[in-house]
Every structure is written in structure tokens, then in C-alpha cells.
2 protein chains.
Amino acid sequence: MARSDIEGVRREALIQAAIGAIEVEGSLDVTMAAIARRASVSPALAHHYFGGKDDLMIAAMRHLLKEFRAGVTARLRAAETPRQRVGAIVAGCFAPGQFTAETIAAWLVFYLNARRSPEAARLLAVYFRRLESNLVAALSPLTGRGAARDIAAAAGAMIDGVWLRQALTPKHAPDAAAAIGAVERFVDAEIARCA
Amino acid sequence: MARSDIEGVRREALIQAAIGAIEVEGSLDVTMAAIARRASVSPALAHHYFGGKDDLMIAAMRHLLKEFRAGVTARLRAAETPRQRVGAIVAGCFAPGQFTAETIAAWLVFYLNARRSPEAARLLAVYFRRLESNLVAALSPLTGRGAARDIAAAAGAMIDGVWLRQALTPKHAPDAAAAIGAVERFVDAEIARCA
DNA sequence: CTTCATTGATTGACTGATCAATCAATGAAG
DNA sequence: CTTCATTGATTGATCAGTCAATCAATGAAG
């Protein structure tokens, strides 16, 4: 492997290890040693590349955010009608990579962390704003701008709620189809109310 | 103060202090020293009454659960029609004591903790089961048992989602009326679908 | 093709701080 | 005098972060 690639590989491995450790532990209270062990490097190396634990956590969060956004935008590009665009966003929220108990637990951890870390709060705010403005844009042609805002807020809450419940019932495998169905039914009902 | 009351007073104070500390910190990673300081006692006393940190956390969680349940059952007793019973449950979820950013943060912390603590998971499971069965019982006369189950699950998810969003936007004070309105609109629409 | 200096990767050992938990001692109420 | 509440001091463990020292790859000079 070319030497210039090593840094990228290590950073990636450490970020994945951090997310994995957070998922398993259900808390940001994971040791650098545990993360480093997962990435098969020494704890010192994690500090070498990320400076400190906080920076690694922010990097891990940014990674999750980026993955999520990529899934949504890919689905949005394939959509043609406004209603399909709404469906694309909903489906993106329950994509196989996103809708697992472990990933959701990691999201929750980051949510809570945002209460303490301004940087984490800023990242999450950007994510929420993008998701909501995507939804509003997709809904506006169907319901008008004002109603679109209300529906987007409610649908967003419902999506988060389904996520949350899923994270807490590790007995059942996440049922993405049922989740999407519930949210879509809600959206359809709300659109009908505006027609 | 009678000597026999002291223990109860201290336990109560320590539980409240624990919840307060968790709310502020947004994590179970609060020190016994910080909790004890909030309760104006020494750290050693907290251990004396609760045995260990885990036990104190479980006690705090149990306390939150009990408060929540008391609010819902009080509202349920005042309801007369099935639809009113549904409304009572929804309103109970957004009661002033429950629907604050700090309390919600504490709930989230306990949620995540349930991934690690079997006792916490058991307590949460009881809470979920009760809430859902209350909802199903209230909805069944209106929609039939099968549909009631589906609607209860979706409404529960929506309630949790509204909670979650609220915990993450500490800028806005929680708007209980809007939250109740959104959930009730959803429930009404779902009931209408079954009529 | 060698040699060797440079640079980045990597680590083990260490440190200072923090924290849960313990315990023996104190003191007040009955 | 007995019992229980209460605490200060202490301990052992854990962890983030540091540092000086190796190791390995690259490339330039001869």
C-alpha cells in the first residue's frame, strides 16, 4: 500500500471502530483503548491521527451524517414526481444501512452528546434543516407551502419515533417495510386533508 | 424530624439529585460526588443508602416511570368516552411535568442505558407494554382490535418522535399544545380510515 | 545499484486526574 | 449505652493524553 494512503485508511478504520464501539456500548463512554483495539492499532495512534477523543467522536458523527445524506440524495435523484420525492426521503431514512438497532443507538448517543458539544449540535442542526427542507420542497407542490411545513415536521417526528422504538426493542429485527408503510400512510392522509 | 423519616427524605433527595444531574449532563456519566453535592450530602451517604451507582440510577428511572404513569392514570380516570381515553393518554404524554427538554433528556439517557442494563430494559418494557395496551384498549371500540394495534403503535412512535425532537431543540420551549394537536390529528385520521 | 538521511507510522511505557467504593471514626437521637 | 446517620480519608481501578524511542518506506546522492 502506498504510504500516502495509510493515513486515510487508518482514519477510516478508527472512525468505523469508534462507531462500532459506541453502538455496542450504547454510550460515548467508550475508551480510546477499546476503539484502537477494534481498529487493530495502539491507543497512541488514535491520538496521533485525531488529536483527542472529542475530535474522533465528531469525526464519527460526521461520517454517519454523510452516509445518511448520501443515501437520501441518491434516492432523490431517482425520483421524478413530488410524491416520489417524498417517498425517496422516507425510504432513505429507513435504508438498510441506517435502520439497524446498532446504528440507531449510535445516532441516539450523538443526539444526547449534542447537548454538551456545540460542534455536535451544529452538525445535527444542519442535518435536521436539510432533511426538513427536502421534505418541505417535495410536499409543497402537493399541499402548499404552509401545510407542507406542518406535515414535514410531523412526518419527521414520526420517522424519529419509529427509529427510537426500534432502537429499544432489540428483540425484533427492524421492519423497514412496516416503518415506511406507517409513515407513508400518514403522509398520504395529510396530503388528502389538503386536497 | 423524626429519625425514622430521615432515610426516606435522603433517598428522595438523592433520586431527585440524580435525575437533575443526568438532565444537566445528558448522560449517565455523572459522578456520585456531583449527585451527592446536589443533595447536600456526602458521596459516602449516597452509597450508604443505595449500595452503588447502578442501584441509584435504577431508582431514579423507576421514579420517572412512576411519575409518568401517575399522570396518565389520573387523566384516564377523568375520561368517559373511548375517544376521550385516547386523548387522556396523549395528553398525559405531554403533561407539563413530562414534556420539558431536561426530563426528555433524562428519558433518553435511560433508554440508551436499557441496552446495557437488563433491569432497566425490564422496567422500560413494562412501561411500553402498559402505554400500548392502554392505547389499544381505548382505540378498540372505535376501530376494532386489529386496527387499534396498528394505530397504537404508530401513535406511540409519533409521540416518541415529538419527544425526541423536543429534546434536541433546546432553543424552543416545548409546545405541548402543538404536539398534542399533531398526534390527535393523526389519530383522528386513522380512526376515520377505519370507519 | 547502493547507501544513507529524512519523514511519517507506530508503539510501549508513563502520568496525572478522576471516580466508585470502602471503612473507621464521629456524633446525635432515643 | 445503643443505634443509626453521616462524613473524611483512603484505596484501587480506569482512562485520556504524552513522549521518547523504534520501524519502515521513500528518494536523493554517489
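Protein chains get the first letters and strands the later ones, always in sequence-line order, with residue 1 at the start of each.
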With ring centroids as reference points, do A:Y127 and A:W107 lie under 6.0 angstrom apart?
yes
Mate of C:dA28 across any strand shown (Watson-Crick or G-U wobble, both atom pairs under 3.5 Å) is D:dT3
Taking A:V136's backbone N and O only, do any of them form a donor-acceptor pair with A:S140's side chain (distance below 3.5 Å, no angle check)?
yes
Show the numbers, then the answer: is there a salt bridge (charged side-chain N to carboxylate O under 4.0 Å, His left out) between A:R122 and A:E119?
CA-CA 5 Å; A:R122 195 186 63 78; A:E119 174 72 358; 3.4 Å; yes
Near DNA chain C, counting only heavy atoms under 4.0 Å, which residues of residues 41-63 of chain B show up?
B:A44, B:H47, B:G52, B:K53
Across every strand shown, the nucleotide meeting Watson-Crick or G-U wobble geometry with D:dG8 (both distances under 3.5 Å) is C:dC23
Phosphate oxygens OP1/OP2 of C:dG8: is one of them under 4.0 Å from a side-chain N or O of A:R10?
no
Rounded off to whole Å, could you give me the CG-to-C1' distance for the B:D29 and C:dA17 pair?
14 Å
Nearest-angstrom distance from the residue atom CD of B:E7 to P of C:dA29:
18 Å
Donor-acceptor contact below 3.5 Å, side chain B:R116 vs main chain A:V24:
yes
Under a 4.0 Å threshold between the charged nitrogen and the carboxylate oxygen, would A:E7 count as salt-bridged to A:R10?
no
Rounding to a whole Å, what distance do you find between A:M32:CE and C:dG12:P?
16 Å
Whole-Å distance between D:dA5 P and B:E12 CD?
17 Å
Kindly indicate, with the supporting measurements, whether the criterion salt bridge (charged side-chain N to carboxylate O under 4.0 Å, His left out) is fulfilled by A:E184 and A:R83.
CA-CA 10 Å; A:E184 295 255 325; A:R83 185 60 186 80; 3.0 Å; yes
Interatomic distance, B:D5 CG vs C:dG30 P [rounded to whole Å]:
11 Å
Rounded to whole Å, the CZ-C1' distance (A:R11 to C:dT10) equals 16 Å
